[in-house]
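So that the names make sense, note that chain A is the first sequence line, chain B the second, and so on, each numbered from 1.
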2 protein chains.
Amino acid sequence: MRLTENQRCVLAALRRAKRPLGAYELLERLRSQGFSAATQIYRALEPLLEHDLVHRIESVKGYVACSCPDDCQHAHMAFTVCESCGRHDEFATEEVEDMISASLEKTGFAPASTTIELHGACPDCARRVDRSR
Amino acid sequence: MRLTENQRCVLAALRRAKRPLGAYELLERLRSQGFSAATQIYRALEPLLEHDLVHRIESVKGYVACSCPDDCQHAHMAFTVCESCGRHDEFATEEVEDMISASLEKTGFAPASTTIELHGACPDCARRVDRSR
DNA sequence: AAAAGTACGTTATAACGTTACAAAATAATC
DNA sequence: GATTATTTTGTAACGTTATAACGTACTTTT
């Protein structure tokens with residue numbers, strides 16, 4: 001996939017970020033590079049989302065760069081989001097696939113895309129809380 | 001849990017609905033019952049969400065009445081949403097729990113709440129598409 | 001170079017959600 | 001039962017997130 005200049009900017013900004021960024025947050029960070037309106041961000045995001053170079057995390061209304069290697073198949077991504085530090089991670093375990101096929105078998109529902117987001121405490125923050133007690 | 005009049009109205013409207021409703025959609029439907037501003041809807045939704053009588057489906061920015069029996073424990077709800085008819089269903093299978101505990105074991109992430117939403121074709125719509133081919 | 005397509009910037013607006021404040025209703029205390 | 005306190009309510013303004021509409025500039029193809 002060939003990226004335009006604006007798409008490269010947005011993707012780079014998301015890769016630099018340590019947590020999901022909102023579109024308007026991206027806009028602020030990219031003003032210095034000539035961006036001036038939300039539409040530009042959303043326009044750049046669209047094909048990035050389409051091609052799975054970026055994912056949207058619904059529960060925080062934010063966008064993250066995909067952390068997979070380039071040839072990743074992106075079957076059904078799942079995310080963890082730490083409530084205390086904002087850190088996010090992707091995971092795609094066997095168990096996610098199991099859950100999805102179970103839904104198909106038990107309810108007859110055929111999923112095309114999924115939103116799987118776990119909120120809680122990342123290992124570091126959990127440890128930190130533990131220590132402070 | 002004791003409900004106020006407005007909360008009862010909102011809950012009843014969601015129970016009548018066949019698909020997730022947005023807050024402003026709820027407002028339109030409840031104007032005849034005296035509702036006049038979005039804040040009334042959000043205020044009524046808040047405790048309903050808190051007590052799991054209503055769930056929010058992030059990926060469609062909509063609200064649904066909980067379909068569980070009253071004594072349900074609501075551990076980690078998951079939803080299916082049909083892309084073609086909008087119909088939604090709750091499910092809470094063993095496999096969902098397995099997936100969550102797998103995340104804990106493999107990554108050390110301790111989930112407190114989850115957003116699990118499957119988009120695709122419900123059995124009825126899948127059949128309909130099949131027939132039309 | 002003309003035509004067609006794509007990406008772009010700008011502005012406006014839609015859709016979703018929150019905050020602030022005062023009036024009304026309900027419950028608690030005397 | 002009157003008085004006070006608390007909760008719920010209506011109204012209005014505001015904040016955030018996302019899209020629509022428009023015309024221009026730049027490629028690519030022919």
Inset, instruction - Sequence neighbours left out, what passes side chain to side chain contact (heavy atoms under 4.5 Å, CB included) with A:A121? Give chain and number order. - result: A:A126

Legend entry - Contacts of B:R29 that satisfy side chain to side chain donor-acceptor pair (under 3.5 Å) - sequence neighbours left out: none

Inset, instruction - Would you kindly give the CD-to-C1' distance between A:Q33 and C:dC8, to the nearest whole Å? - result: 16 Å

Inset, instruction - Could I get the full list of ring pair (Phe, Tyr, Trp, His ring centres under 6.0 Å) partners for A:Y63, not counting sequence neighbours? - result: none

Inset, instruction - Output yes when at least one side-chain N/O atom of B:Q40 is less than 4.0 Å from OP1 or OP2 of D:dT9, else no. - result: no

Inset, instruction - With sequence neighbours excluded, give me every salt bridge (Lys or Arg N to Asp or Glu O under 4.0 Å) pair touching residues 106-117 of chain B. - result: A:E95-B:K106

Legend entry - Results of side chain to side chain contact (heavy atoms under 4.5 Å, CB included) for A:A78 - residues two or more places apart only: A:F91, A:V96, A:I116

Inset, instruction - Just jot down the side chain to side chain contact (heavy atoms under 4.5 Å, CB included) partners of B:A37, sequence neighbours excluded, or say none. - result: B:T39, B:Q40

Legend entry - Integer-rounded Å distance: D:dT8 P and B:L45 CG: 15 Å

Inset, instruction - Encode nucleotides 24-30 of chain D as B, S and - characters from 5' to 3', where the letter depends on protein heavy atoms closer than 4.0 Å: B to the base, S only to sugar-phosphate, - to neither. - result: -------

Inset, instruction - May I have all residue pairs that pass ring pair (Phe, Tyr, Trp, His ring centres under 6.0 Å) and include part of residues 13-46 of chain B, sequence neighbours excluded? - result: none

Inset, instruction - Let me know the distance between CD of B:Q7 and P of C:dT26, rounded to the nearest Å. - result: 14 Å

Legend entry - Expected output: side-chain B:T107 to main-chain B:L104 donor-acceptor under 3.5 Å: no

Inset, instruction - Give the rounded distance in Å between these two atoms: CG of A:L21 and P of D:dT16. - result: 16 Å

Legend entry - For atom CZ of A:F35 and atom P of C:dC8, their distance in whole Å: 8 Å

Legend entry - Pair B:K61 + B:E58, salt bridge at N-O below 4.0 Å: no

Legend entry - Where at least one partner belongs to residues 39-55 of chain A, residue pairs that pass salt bridge (Lys or Arg N to Asp or Glu O under 4.0 Å), sequence neighbours excluded: none

Inset, instruction - Using a 4.0 Å cut-off on protein heavy atoms (strictly under), produce a 5'-to-3' string for nucleotides 11-21 of chain C with B for base contact, S for backbone-only sugar-phosphate contact, and - for none. - result: B----BBBBB-

Legend entry - Between C:dA24 (P) and B:N6 (CG): distance, integer Å: 17 Å

Inset, instruction - Quick one: list whatever passes side chain to side chain contact (heavy atoms under 4.5 Å, CB included) with A:T4, sequence neighbours left out. - result: A:N6, A:Q7

Legend entry - Global bending angle along the helix from C:dA1-D:dT30 to C:dC30-D:dG1, which compares the axes of five pairs at either end, to 10 degrees: 30°

